[in-house]
Amino acid sequence: MSETYKYAAFSSIELQKELLEFVEKGFLVEDGCYFLSKCFCVVTNATQDDFPDNTGYECFINSINVDDYVEDKFLEYGLCLVSKVFSKWRSMCFEKELRAILSMDEFGLKIKFHVFRNGESWLDSELEGYEEAVMLVSSIEENFLGTT
């Protein structure tokens with residue numbers, strides 16, 4: 001995924017209204033977990049008790065299939081969305097590190113968001129072991145898109 005990332009054209013990307021809603025609706029905090037409000041509104045029978053930790057629960061709830069909203073340039077749209085979500089996160093003065101996990105396969109791109117917690121991880125430490133392309137980005141990386 002890093003090769004695709006190097007050549008992605010971010011300056012020409014404008015997010016559609018549906019993707020922007022993930023940013024505009026912001027975050028909510030419940031029982032020590034941080035959720036994108038738009039994701040939290042999706043009806044599910046999953047509860048926090050169904051997961052081994054808060055990171056797993058956040059990743060389950062804060063999951064966005066970019067290919068549900070756009071037909072091409074999945075990585076470019078996904079990284080643009082991540083950048084805007086991180087900006088919203090910082091504007092809400094959360095002092096914790098928010099992470100985005102992007103996984104891309106032949107069908108599209110999925111993004112999961114979670115707060116970094118010591119001793120909890122959604123991903124294996126060896127990203128090369130995944131069949132799909134996986135990228136981990138942190139909200140503390142001010143300029144991960146390489147733009148000014």
Note to self: Determine whether F35 and Y57 satisfy the following criterion, ring pair (Phe, Tyr, Trp, His ring centres under 6.0 Å), listing intermediate values before the conclusion.
What the structure shows: CA-CA 10 Å; F35 302 105; Y57 188 40; 5.4 Å; yes
Notebook entry, point to check: Could you go step by step and tell me if H114 and L98 meet the side-chain contact (heavy atoms from CB on, under 4.5 Å) rule?
Noted result: CA-CA 6 Å; H114 72 87; L98 183 66; 5.8 Å; no
Notebook entry, point to check: Should V137 and R99 be marked as a side-chain contact (heavy atoms from CB on, under 4.5 Å) after you check the CA-CA gap, both sets of side-chain angles, and the distance that decides it?
Noted result: CA-CA 6 Å; V137 185; R99 290 188 171 178; over 6 Å; no
Checklist line | Test side-chain contact (heavy atoms from CB on, under 4.5 Å) applied to L79 and L102, step by step | finding: CA-CA 8 Å; L79 286 169; L102 296 90; 3.9 Å; yes
Notebook entry, point to check: Under the side-chain contact (heavy atoms from CB on, under 4.5 Å) criterion, do V23 and L81 qualify, and how do the steps go?
Noted result: CA-CA 8 Å; V23 178; L81 176 62; 3.9 Å; yes
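You'll find the side chain of N65 stays beyond 4.5 Å of the side chain of F107, heavy atoms only. Side-chain contact between I61 and V42: absent, with no pair of heavy atoms (C-beta onward) separated by less than 4.5 Å. When side chains are defined from C-beta on, K84 counts as touching L20, because their heavy atoms get closer than 4.5 Å.
Looking at residues two or more places apart in sequence or on another chain, you find no side chain to side chain donor-acceptor pair (under 3.5 Å) involving D67. Qualifying side chain to side chain donor-acceptor pair (under 3.5 Å) partners for S37, counting only residues two or more places apart in sequence or in other chains: none. In terms of the salt bridge (charged side-chain N to carboxylate O under 4.0 Å, His left out) criterion, E18 has no residue partners (sequence neighbours excluded). Partners of F22 according to the ring-ring contact (aromatic ring centres under 6.0 Å, His included) rule, which considers only residues two or more places apart in sequence or in another chain, are Y69. Evaluation of the salt bridge (charged side-chain N to carboxylate O under 4.0 Å, His left out) rule for K38 yields E21 as partners, not counting sequence neighbours. Applying the side chain to side chain contact (heavy atoms under 4.5 Å, CB included) criterion to S91, with sequence neighbours excluded, gives K88. With sequence neighbours left out, F116 forms a ring-ring contact (aromatic ring centres under 6.0 Å, His included) with no residue at all.
For residues 24-34, there are no side-chain hydrogen bond (donor to acceptor under 3.5 Å, both in side chains) pairs, not counting sequence neighbours. Each salt bridge (Lys or Arg N to Asp or Glu O under 4.0 Å) pair with one or both residues in residues 44-62, not counting sequence neighbours, appears once here: E58-R117.
The two atoms that bring C39 and I64 nearest to each other are SG-CG1, 4.0 Å, heavy atoms only. Summarising the geometry of D72 relative to Y77, their closest heavy-atom pair is O-CD1, 3.5 Å, with the distance given to 0.1 Å. Here the shortest heavy-atom pairing between V66 and G78 reads CG2-CA, 4.1 Å. Nearest approach of G32 to N54, heavy atoms of both residues: O-ND2, 3.8 Å. Contact between L109 and L75 at its shortest, heavy atoms only, is CD2-CA, 4.0 Å. When all heavy atoms are compared, the tightest approach of F113 to A100 is CE2-CB, 3.6 Å.
With W89 contributing its side chain and K96 its backbone, the two residues share a donor-acceptor pair below 3.5 Å. Distance alone, capped at 3.5 Å, is enough to place a donor-acceptor pair between the N62 side chain and the L36 backbone.
The line from SG of C33 to CZ of F51 is 10.0 Å long, rounded to the nearest 0.5 Å. In this structure, the separation between OG1 on T47 and CZ on F60 is 10.0 Å, given to the nearest 0.5 Å. For the atom pair CD (E14) and CG (L19), the distance works out to 12.5 Å, reported to the nearest 0.5 Å.
Residue E95 qualifies as open at atom CD: its count of foreign heavy atoms under 6.0 Å is 12 or below. No more than 12 heavy atoms of other residues, nucleotides or ligands shown are found within 6.0 angstrom of CD on E71.
Residues S139 and E97 have side chains that never bring a donor and an acceptor to within less than 3.5 angstrom of each other. For K110 and S103, the side-chain atoms include no donor-acceptor pair closer than 3.5 Å.
Here the two rings, on F40 and F27, have centers that are 6.0 Å apart or farther.
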